[in-house]
Asks: 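Following this message is one structure expressed as structure tokens.
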Amino acid sequence: NVGERLAYVETMLGDSADQHAQQLSALKAAHDKHAQDLAGVMKVHAGHVSMPERLSYLEKVLGDSADKHAKELQALKDAHSKHSKDLDQHHASVEERMGYVEKMLGDSADNHAKELRALKSSHDKHAGDLADLKGSHAGHANLPERIDYLERLLEDS
């Protein structure tokens, strides 16, 4: 009969419609969840900088650092050069210093030689005076001889 068949089809369609409504509701819920997750991910990524921007920032920082170090290095080189020049101006060369030491030693050696000659001359003079004195005393009797002489004189008298 047609009524039974219609009721059967309506039941089948109703069940199918109920299933489709449930699946559609589940699909909408899953879609809403994915939309929320996607919004969260987009919110997190919104704070991130793009790769080219990050690379550009790193290049700028490294470039600024390299420039700064290059300037500091040049300043140190300049200061060293200035110090080296100042040092050269304030210190006598080795040759000048050796000349000064040789002059001082030469003057000192000349003075010592002159004093040594004067001492030798004085020594020679004293040696001559001593020889003369010994020669003049050669005719003098020493004390024991003089006492013997006096005793003999007294005995003879």
Side-chain angles (χ1 to χ4, degrees), residues 18-157:
D18 289 341
Q19 279 183 342
H20 285 152
Q22 287 175 353
Q23 288 177 352
L24 184 59
S25 178
L27 188 58
K28 283 183 180 180
H31 180 269
D32 289 343
K33 183 178 181 315
H34 284 299
Q36 287 176 349
D37 291 346
L38 181 61
V41 168
M42 290 180 75
K43 184 177 179 183
V44 168
H45 282 287
H48 287 275
V49 181
S50 71
M51 187 61 75
E53 290 172 333
R54 291 172 71 186
L55 186 58
S56 176
Y57 171 76
L58 287 175
E59 288 173 340
K60 180 185 179 307
V61 168
L62 290 175
D64 291 348
S65 177
D67 291 343
K68 179 182 173 187
H69 287 132
K71 287 177 184 176
E72 288 176 2
L73 182 61
Q74 188 59 46
L76 285 173
K77 285 181 180 178
D78 293 344
H80 180 267
S81 177
K82 181 184 180 301
H83 178 69
S84 178
K85 287 177 186 174
D86 290 346
L87 191 62
D88 289 344
Q89 290 174 356
H90 291 299
H91 287 289
S93 70
V94 172
E95 186 174 320
E96 291 170 334
R97 293 171 74 187
M98 282 302 295
Y100 174 76
V101 168
E102 287 172 346
K103 181 183 179 306
M104 292 302 291
L105 287 175
D107 291 348
S108 178
D110 291 344
N111 288 339
H112 288 137
K114 199 182 297 180
E115 287 180 27
L116 187 60
R117 282 192 299 272
L119 284 173
K120 282 184 179 180
S121 171
S122 178
H123 179 267
D124 291 345
K125 181 182 177 295
H126 286 248
D129 290 346
L130 182 62
D132 290 346
L133 191 58
K134 281 183 179 180
S136 69
H137 285 277
H140 293 281
N142 62 23
L143 187 58
E145 291 173 342
R146 291 173 71 189
I147 291 175
D148 285 344
Y149 172 75
L150 288 174
E151 286 177 347
R152 273 185 277 143
L153 274 179
L154 287 174
E155 284 177 8
D156 288 343
S157 48

Asks: Before accepting this row, confirm whether a basic side-chain N of the pair K28/D32 lies closer than 4.0 Å to the acidic partner's carboxylate O.
Replies: no
Asks: Would you sort out whether H69 and L73 count as a side-chain contact (heavy atoms from CB on, under 4.5 Å), showing the intermediate values?
Replies: CA-CA 6 Å; H69 287 132; L73 182 61; over 6 Å; no
Asks: Any heavy-atom pair between the side chains of L119 and H123 that's under 4.5 Å?
Replies: no
Asks: Could you go through S121 and K125, starting from their C-alpha distance and side-chain angles, then the distance that decides it, and tell me whether this counts as side-chain contact (heavy atoms from CB on, under 4.5 Å)?
Replies: CA-CA 6 Å; S121 171; K125 181 182 177 295; 5.7 Å; no
Asks: Is the backbone N or O of S108 less than 3.5 Å from a side-chain atom of H112, with the two atoms forming a donor-acceptor pair by type?
Replies: yes
Asks: Check K33 with D37, please: is the shortest side-chain N to carboxylate O separation under 4.0 Å?
Replies: yes
Asks: Output, in order, the C-alpha distance, side-chain angles, deciding distance and verdict of salt bridge (charged side-chain N to carboxylate O under 4.0 Å, His left out) for K71 and D67.
Replies: CA-CA 6 Å; K71 287 177 184 176; D67 291 343; over 6 Å; no
Asks: What distance do E95 atom CD and R97 atom CZ have between them, rounded to the nearest 0.5 Å?
Replies: 13.0 Å
Asks: With rounding to the nearest 0.5 angstrom, report the CZ to CG distance, R117 to D124.
Replies: 13.5 Å
Asks: Taking atom CG of L105 and atom NZ of K103, what is their separation to the nearest 0.5 Å?
Replies: 11.0 Å
Asks: Who are the side-chain contact (heavy atoms from CB on, under 4.5 Å) partners of I147, not counting sequence neighbours?
Replies: L143, E151
Asks: Before accepting this row, confirm whether a basic side-chain N of the pair K60/D64 lies closer than 4.0 Å to the acidic partner's carboxylate O.
Replies: yes
Asks: Give the intermediate values and the outcome of side-chain hydrogen bond (donor to acceptor under 3.5 Å, both in side chains) for residues D78 and Q74.
Replies: CA-CA 6 Å; D78 293 344; Q74 188 59 46; 2.9 Å; yes
Asks: Apply side-chain contact (heavy atoms from CB on, under 4.5 Å) to H80 and K77, showing your working.
Replies: CA-CA 5 Å; H80 180 267; K77 285 181 180 178; 5.7 Å; no
Asks: What's the separation between atom CG in L153 and atom CG in D148, rounded to the nearest 0.5 Å?
Replies: 11.0 Å
Asks: Any donor-acceptor pair under 3.5 Å linking the side chain of E145 with the backbone of N142?
Replies: yes
Asks: Checking M104 against Y100 for the side-chain contact (heavy atoms from CB on, under 4.5 Å) test, could you report, in this order, the C-alpha distance in whole Å, the side-chain angles of both residues, the deciding distance, and whether it holds?
Replies: CA-CA 6 Å; M104 292 302 291; Y100 174 76; 3.7 Å; yes
Asks: Report the C-alpha separation of K114 and D110 in whole Å, then their side-chain angles, then the decisive distance to 0.1 Å, and conclude whether the salt bridge (charged side-chain N to carboxylate O under 4.0 Å, His left out) test is met.
Replies: CA-CA 6 Å; K114 199 182 297 180; D110 291 344; over 6 Å; no
Asks: Got a second to check how far H34's NE2 is from L27's CG, nearest 0.5 Å?
Replies: 9.0 Å
